[in-house]
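No hydrogens, no waters, no symmetry mates; every other heavy atom, side chains included, goes into these values.
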Amino acid sequence: MLVHAVTPITVGRAELARRQARYDALAPAGIQVVLTDLHPDGPRALDTAAEVRRSETLVGEALAEAPDCDAVLPDCVLDPAVPADGGAINGRPALGLLRLTVGAAVAAGHRVGAITRNEAIAAELRHRITRYGWGSSFHEVGVLALPVADITDPARWSAAMRPALSAARAAGVTAVVNGCSAVDTATDQEPGLPLVLDPIRTGLGVLGALGGAPTR
């Protein structure tokens with residue numbers, strides 16, 4: 001199964017290679033994800049609502065023009081341009097990391113929350129969850145208030161995430177979506193804290209377990 005993915009921001013060659021390596025490491029056997037960078041004039045961060053909307057427009061255009069593949073995928077936990085009903089883009093299944101991850105967690109009986117880098121991303125994530133119809137199953141979004149540079153700093157990200165996980169536990173949340181698909185999260189879960197869901201590991205794992213994308 002070949003999946004064509006596109007970044008939600010313009011990242012450059014080195015960061016594109018780092019993100020591609022994550023897909024290569026986390027994709028299940030039989031699934032190949034080929035990642036491309038967003039338009040050179042795309043946003044460099046999702047720090048405002050305007051940048052989120054600009055990203056969604058450019059991601060939609062890029063996925064509609066993707067080369068031949070079995071499915072398309074935004075490299076973003078906000079699922080930009082993915083139809084709320086899980087439909088297609090230009091005749092190809094449109095996969096959503098958030099949709100796959102939260103859908104699996106809700107089905108497993110988890111009380112689900114998320115953490116995000118900033119409030120603009122948090123607001124869009126809440127909007128997406130509502131559009132998917134999971135508002136009653138989704139409980140909170142913790143905001144880490146980190147700059148975009150910290151996406152590539154796992155230690156700093158994990159340190160900022162720990163108090164947010166403690167707050168989520170106090171609210172009764174049992175699984176937390178790490179609200180940035182490009183962050184390397186530790187595979188070891190801390191005892192007593194909610195399960196941390198890496199959207200790439202979880203989303204593609206679900207896809208692999210279901211045998212890939214639907215036949216076009």
Side-chain angles (χ1 to χ4, degrees), residues 3 5 8 18-19 21-29 31 33 46 73-79 82 86 95-119 121-146 150-212:
V3 179
R18 187 189 72 84
R19 294 184 182 215
R22 272 180 51 75
Y23 278 105
D24 294 343
L26 296 177
I31 296 178
V33 178
L46 301 181
L73 170 74
D75 173 43
C76 181
V77 76
L78 299 179
D79 293 356
V82 173
L95 308 176
L97 294 174
L98 183 68
R99 193 168 189 270
L100 287 165
T101 299
V102 176
V106 169
H110 279 287
R111 289 173 58 86
V112 186
I115 58 97
T116 64
R117 188 174 63 80
N118 61 32
E119 184 54 47
I121 296 171
E124 181 66 12
L125 193 147
R126 293 186 192 102
H127 174 67
R128 266 282 165 182
I129 289 294
T130 300
R131 287 188 65 197
Y132 286 149
W134 292 322
S136 62
S137 302
F138 199 85
H139 298 279
E140 68 173 43
V141 180
V143 177
L144 304 183
L146 295 174
D150 284 346
I151 287 174
T152 59
D153 189 339
R156 183 168 173 79
W157 191 279
S158 295
M161 187 166 58
R162 196 167 293 111
L165 292 176
S166 296
R169 176 187 58 189
V173 171
T174 60
V176 173
V177 179
N178 188 35
C180 181
S181 61
V183 172
D184 286 316
T185 54
T187 55
D188 295 333
Q189 299 290 326
E190 292 193 32
L193 292 181
L195 177 68
V196 177
L197 300 175
D198 181 314
I200 292 178
R201 184 188 302 275
T202 307
L204 294 188
V206 170
L207 192 66
L210 293 176

Within the structure provided, determine whether [X] and [Y] are in side-chain contact (heavy-atom separation under 4.5 Å).
{"X": "Ile200", "Y": "Asp75", "result": "yes"}
{"X": "Pro28", "Y": "Leu207", "result": "no"}
{"X": "Cys180", "Y": "Val77", "result": "no"}

Going by the salt bridge (Lys or Arg N to Asp or Glu O under 4.0 Å) test, which pairs reach into residues 162-183, not counting sequence neighbours?
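Listed once each, the pairs are Arg162-Glu190.
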Calculate, to the nearest 0.5 Å, the distance between atoms [atom1] and [atom2] belonging to [X] and [Y] respectively.
{"X": "Ile129", "Y": "Arg126", "atom1": "CD1", "atom2": "CZ", "answer": "11.0 Å"}
{"X": "Glu124", "Y": "Asn118", "atom1": "CD", "atom2": "CG", "answer": "11.5 Å"}
{"X": "Thr152", "Y": "Arg19", "atom1": "OG1", "atom2": "CZ", "answer": "9.5 Å"}

[X]: what forms a side chain to side chain contact (heavy atoms under 4.5 Å, CB included) with it, not counting sequence neighbours?
{"X": "Ala175", "result": "His110, Leu195, Leu197"}
{"X": "Pro154", "result": "Asp184"}
{"X": "Asp150", "result": "Leu146, Pro147, Asp153, Arg156"}
{"X": "Ala168", "result": "Glu140, Val173, Val176, Pro194"}

Which pair of heavy atoms, one from [X] and one from [Y], lies closest together, and at what distance?
{"X": "Ala122", "Y": "Val143", "value": "CB-CG2, 3.9 Å"}
{"X": "Val82", "Y": "Leu95", "value": "CG2-O, 3.4 Å"}
{"X": "Ile121", "Y": "Gly179", "value": "CG2-O, 4.3 Å"}
{"X": "Ser181", "Y": "Arg22", "value": "O-NH2, 2.8 Å"}

Return the set of residues passing side-chain hydrogen bond (donor to acceptor under 3.5 Å, both in side chains) with Thr202 (not counting sequence neighbours), or none when no residue passes.
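Residues passing side-chain hydrogen bond (donor to acceptor under 3.5 Å, both in side chains) with Thr202: none at all.
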With Asn178 via side-chain hydrogen bond (donor to acceptor under 3.5 Å, both in side chains) - residues at least two apart
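Listed in chain order: Trp157.
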Sequence neighbours left out, what passes ring pair (Phe, Tyr, Trp, His ring centres under 6.0 Å) with Trp134? Give chain and number order.
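For Trp134, the residues satisfying ring pair (Phe, Tyr, Trp, His ring centres under 6.0 Å) (neighbours in sequence not counted) are Tyr132.
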Out of the candidates Leu144, Val183, Ile151, only one should pair with Arg117 under the side-chain contact (heavy atoms from CB on, under 4.5 Å) rule; please name it.
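Running side-chain contact (heavy atoms from CB on, under 4.5 Å) over Leu144, Val183, Ile151 with Arg117 returns exactly one hit, Ile151.
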Any ion pair linking Asp79 and Arg131 (charged N to carboxylate O, less than 4.0 Å)?
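Looking at Arg131 and Asp79, the cut-off is not met.
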Distance-only check: which donor-acceptor pairs under 3.5 Å involve side-chain atoms of residues 97-108, not counting sequence neighbours?
unit_1, atom_1, unit_2, atom_2, d
Thr101, OG1, Leu97, O, 2.8
Thr101, OG1, Pro199, O, 3.4

Only counting residues at least two apart or in another chain, list the ones meeting salt bridge (charged side-chain N to carboxylate O under 4.0 Å, His left out) with Arg111.
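Arg111 satisfies salt bridge (charged side-chain N to carboxylate O under 4.0 Å, His left out) with no residue once adjacent residues are dropped.
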